Amino acid sequence: MIAEGLETTGKYILLMKRVFSRPERIRVYLKQYVKEIEQLGINSIGIVLLISLFIGAVITIQIKLNIESPWMPRWTVGYITREIMLLEFSSSIMCLILAGKVGSNISSEIGSMRVTQQIDALEIMGVNSASFLILPKILALVTIIPLLVTFSICAGIIGAYCTCWFGGILNASDLSYGLQYNFVEWYAWSSFIKSLFFAFIIASVSSFYGYSVKGGSIEVGKASTDSVVSCSVLILFSDLILTNLLKL
Amino acid sequence: MIEINTIEKSFEEKKVLKGISTTFKTGETNLIIGESGSGKTVLMQCIVGLLTPEKGEVKYDHRDLLKMGKLETQKLRREMGMLFQSAALFDSMTVLENVMFPLNMFSDKTLREQTRRALTCLDRVNLKGADTKFPGEISGGMQKRVAIARAIALNPHYLFCDEPNSGLDPKTSLVIDALIHEITKEYGMTTIINTHDMNSVMSIGENILFINKGKNEWEGSKENILSSNNKKLNSFIFASDLFKKVKEIEVNQVKE
Ligand SMILES: Nc1ncnc2c1ncn2[C@@H]1O[C@H](COP(=O)(O)OP(=O)(O)OP(=O)(O)O)[C@@H](O)[C@H]1O
Ligand SMILES: [Mg+2]
């Protein structure tokens, strides 16, 4: 079990060494990079907005119903909603969701290229297939993730306001006051920093699983499941460590 | 010219190649024939370096593949073209983009010259109007032909074809065989073809290697393959009635 884990880690590091070697043709990589930004980033905006909007609204309602009492200040609800969204939801939980969407997409795409010999075809042409397929994905996800986190935070806040405007759960000006109360800018930055790490984990780990597929379509499916599980565990683990390192 | 020397390759316990040596000649179509499972694909993958044999040498015009570093191998591979048993086209790209890919990656041509070259290659394999289609939208035979076009886009010195006509009808097979043969002559390439199709053997087998149970069993050309006395080769060739009859007729002719 431990030996197996070490072996997998070793293989992962060797693959990353090949991924981060000098690209053959910057222009072709750039084209690939733009394509991946669209496929991995732009196409995820919808789900990020949707989920964040609802979670923002639900958190507001829950907190309002559960902890509001006469001796709590009225801004408490807005304050807590902001902290939850900023500190954990928009970075860590969002990336867990993306590990499911983007991670399985990456590993099944690369995995099926492996089993249909498209990766062998790249190798025979003299292309560094690891770098060509994986590097643009990693870079694309790492560059687009701060944008997704920003969108998630904004959508969460809009969701919170929706409960005031349409649900009449609480007063919008109380919510605004709470959302701005005692704002620490560093929290937003630490959220972005964490998300960069998570993006790297999602892209590289799921590429690794896809790239090492052997066999046929069953193995591709298995690789895709494995990659989601591993990404999630690694994200949670590094969340623990990063949160500890990044605290004020 | 590609020379291989005592190549051995096994998977876990199973020994697939037990010391194969031969020379593949430049400007000729070199065929590797043998039963299904005899190790043709494994041998070809050892030659191109997708698999590493445990023992032996693979020399491309006196350059030893197995002693090269990664970068040298990558450079040598730019002189190779390969047609896989499953065409292995990039399915996120159109036919034209597939053929342009190696040009894009390795040539210094302008985009317009690349496009022109790619269209020439597609024209060469009789696939003019298909350039905007995706691999999923064309037939198996067309995919194979696109793969040939992609393999020859950079004028390779070495061409490898793994079962170029498996799963194709006899007529399309003939067209593809003839195409590979013509291209080999035209560009003076060293071409190696895996096949178990006797029609291909009889039409383009200039230099034939018959492998059986991981060993070279017989070498020769299409002219002397039918008259060979090798028992295993005979049982391979004359598995089909048609060739049995051809043999009988030949024998009768000799008697008369
Ligand atoms: N990756 C692998 N792992 C284990 N065994 C393998 C592997 N690849 C091939 N083999 C074994 O090697 C033997 C030769 O296989 P190979 O694919 O070379 O046959 P072939 O001559 O190309 O057959 P066909 O004409 O059907 O394509 C088979 O018995 C197969 O089981
Ligand atoms: Mg085969």
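Owing to the predicted nature of the structure, the values given are computational and were not obtained by experimental measurement.
Environment of CD1 in A:Ile47: sparse, with no more than 12 heavy atoms of neighbouring residues, nucleotides or ligands closer than 6.0 Å. Counted within 6.0 Å of CZ on A:Phe237, heavy atoms from surrounding residues, nucleotides or ligands total 12 or fewer; the atom is thus considered open. Applying the 6.0 Å contact sphere to NZ of A:Lys35 captures more than 12 heavy atoms from other residues, nucleotides or ligands. No more than 12 heavy atoms of other residues, nucleotides or ligands lie within 6.0 Å of CZ in A:Phe197, so this atom counts as exposed by the packing criterion. Within a 6.0 Å radius of NZ in B:Lys185, other residues, nucleotides and ligands contribute more than 12 heavy atoms. When the shell of 6.0 Å around CZ of A:Phe54 is examined, it contains 12 or fewer heavy atoms from other residues, nucleotides or ligands.
Here CG of B:Asp162 is found 11.0 Å from CG of A:Asp120. Values are rounded to the nearest 0.5 Å. B:Phe90 CZ to A:Leu122 CG: the interatomic distance, rounded to the nearest 0.5 Å, is 4.0 Å. Taken from CZ in B:Phe101 to CE in A:Met125, the straight-line distance is 6.0 Å, to the nearest 0.5 Å. Rounding to the nearest 0.5 Å places CD1 of A:Ile119 at 11.5 Å from CG of B:Leu50.
Of the listed residues (B:Met105, B:Met80, B:Arg78), the one with the most heavy-atom contacts under 4.5 Å to chain A is B:Met105. No other option in B:Gln85, B:Lys70, B:Arg150 has as many heavy-atom pairs under 4.5 Å with chain A as B:Arg150.
The nearest pair of heavy atoms linking B:Ala88 to A:Ala121 is O-CB, 4.0 Å.
In this structure, the portion of A:Arg18 lying under 4.5 Å from any heavy atom of chain B is its side chain and not its backbone. The contact between B:Leu89 and chain A is made entirely by backbone atoms, counting heavy-atom distances below 4.5 Å. Residue A:Val28 touches chain B through its side chain alone, counting heavy-atom pairs closer than 4.5 Å. If you measure heavy-atom distances from B:Gln45 to chain A, the contacts under 4.5 Å come from the side chain alone.
Counting only heavy atoms from C-beta outward, the side chains of A:Glu109 and B:Ser92 never approach each other to under 4.5 Å. At least one side-chain heavy atom of A:Glu123 sits less than 4.5 Å from a side-chain heavy atom of B:Arg77. Residues B:Phe84 and A:Thr116 are not in side-chain contact: their nearest non-hydrogen atoms beyond the backbone lie 4.5 Å or more apart. With a 4.5 Å cut-off on side-chain heavy atoms, A:Gln118 and B:Asp91 count as touching.
With hydrogens and angles disregarded, a donor-acceptor distance shorter than 3.5 Å links the side chain of A:Arg25 to the backbone of B:Ser107.
Contacts from residues 199-228 of chain A to chain B, taken as heavy-atom pairs separated by less than 4.5 Å, involve no residues at all.
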